[in-house]
Peer 1: 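Before I ask anything, here is the structure I am working with.
Keep in mind it's a predicted model, so treat the numbers as computed, not measured.
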Amino acid sequence: MQRLFEAGEKAKIELSSVTQTQVNLPFITADANGPKHLVMTVMRSTFEEITSDLVNRCLDPVQQAMADAKVTAADIDEVILVGGSTRIPAVQNLVRRLTGGKDPNMTVNPDEVVAVGAAIQAAIIKGEVKDVLLLDVTPLSLGVETLGGLMTKVIERNTTIPARRTEVFSTADDKQSAVDIVVLQGERERAADNRVLGRFRLEGIRPAPRGVPQVEVTFDIDANGILHVSARDKDTGAEQGITISGTTNLDQAEVERMVADAERYRTEDASLRQQVDARNEVDSAAYQVERRLGELGEQLQVHVKARAENALADARQALKDEAPLDRLRSLTADLQQVYHELGAPRGDGNGYRGGQPSGEATPSDANDDDVIDADFTVS
């Protein structure tokens, strides 16, 4: 069996440079009639036929990589082959087919190219090499859990590292003095369907109406793939953070499974996101109207007040009954119209601009900071 294995390996290697080869194994076995010899000719076409399923497995990863990078075959300058099996002509032909006829770059030993890249990257990090740049990327998106049990992404999948992103969130309840930051990794819309990397609590937020406090959340991934997440109240300066090592520690199979799940459930996840966003918009608009009613008190005309109260009652009932998406959007439009009729003050300090609730990710104030369309809930 060992002789057969070695002969097969030798034939495979030879077929990378010739169209046929001969396997010659004398005295491979024996029976009552004497020794038996193996002599046969193996064609490259035969080899390619029996390995076609393995070659075709390269298709999806290459197409996925091009889709993730948002490039077409015309955008690719060169393809460097990695791994000894890329010497097989069928693999090289597959590369040509996928890249519009471009010949792969074969100037680097495919058995050594990964080790060479790792050595160069180590030298770059150490500061010994300055004229070469190798970019690593995040295998999965990183974000936080927000109102409605959704994951709001802060760093998208395939972002080159080191990377730093900051988003501004707000509170979901009046006089909320603390928020829990749940750090997630994955591609699904529902927070529970993603991997929890860590959690911490930010306290010392100035008690204020919902939507007013601004919590600045920063994700920072260094060259070693270590993730630093911090949250800071822009008003009080209170700050808290967490450091997470090995954010890319998932094996390739697990990463591929999570990406495949996100693709498989894309329609359901998009529907969930729309439904939760619509519920949050209705709730936010109802809060604005209710707050404005309290501010105006007896100054309101009876019929205006009655209409506002009816709209509020409809909104609360719809949220309780988990009304469909169209109904929620209709209620949001009605509440916005009511809010205008109530004479909403311009720049009322609660994230409500141009007739839209703070959940619409509009600029929160004159300094043009963007408030993400999600809020933190009280734990």
Peer 1: Would you say CZ of Arg3 has more than 12 non-hydrogen atoms from neighbouring residues, nucleotides or ligands within 6.0 angstrom?
Peer 2: yes
Peer 1: Determine whether the side chains of Thr218 and Asp220 contain a donor N or O and an acceptor N or O closer than 3.5 Å.
Peer 2: no
Peer 1: Say you draw a straight line from CE of Met43 to OG1 of Thr21; how long is it, rounded to the nearest 0.5 Å?
Peer 2: 11.0 Å
Peer 1: Hydrophobic clusters join Ile, Leu, Val, Met, Phe, Trp and Tyr when side-chain heavy atoms are under 4.5 Å apart, directly or via other members; which others share one with Leu150?
Peer 2: Leu272, Val276
Peer 1: Show the atom names and distances, to 0.1 Å, of all donor-acceptor pairs under 3.5 Å that link a side chain in residues 114-128 to residues at least two apart or in another chain.
Peer 2:
unit_1, atom_1, unit_2, atom_2, d
Lys126, NZ, Glu128, OE2, 3.3

Peer 1: Classify the side-chain pair Arg96/Asn93 by whether it contains a donor and acceptor separated by less than 3.5 Å.
Peer 2: yes
Peer 1: Determine, stepwise, if the pair Asp269 / Arg188 fulfils side chain to side chain contact (heavy atoms under 4.5 Å, CB included).
Peer 2: CA-CA 7 Å; Asp269 285 355; Arg188 301 292 301 278; 2.6 Å; yes
Peer 1: Quick check against the 3.5 Å criterion: does Thr236 have a side-chain atom that pairs as donor or acceptor with the backbone of Gly204?
Peer 2: yes
Peer 1: Pairs in or reaching into residues 42-59: which pass side chain to side chain donor-acceptor pair (under 3.5 Å), with residues at least two apart or in two chains?
Peer 2: none
Peer 1: Hey, is the main chain of Pro213 close enough, under 3.5 Å, to the side chain of Ser170 for a donor-acceptor pair?
Peer 2: yes
Peer 1: Could you pull out all residues at least two apart from Arg264 that satisfy salt bridge (charged side-chain N to carboxylate O under 4.0 Å, His left out)?
Peer 2: Asp261
Peer 1: Is the number of heavy atoms from other residues, nucleotides or ligands within 6.0 Å of NZ (Lys36) greater than 12?
Peer 2: yes
Peer 1: Around atom CG of Asp77, are there more than 12 heavy atoms of other residues, nucleotides or ligands at under 6.0 Å?
Peer 2: no
Peer 1: Does CZ belonging to Arg190 count more than 12 external heavy atoms closer than 6.0 Å?
Peer 2: no
Peer 1: Mind checking ring-ring contact (aromatic ring centres under 6.0 Å, His included) for Phe200 and listing every partner two or more places apart, or none if nothing turns up?
Peer 2: none
Peer 1: Write out all pairs satisfying salt bridge (charged side-chain N to carboxylate O under 4.0 Å, His left out) with one or both partners inside residues 319-331, taking only residues at least two apart or from two chains.
Peer 2: none
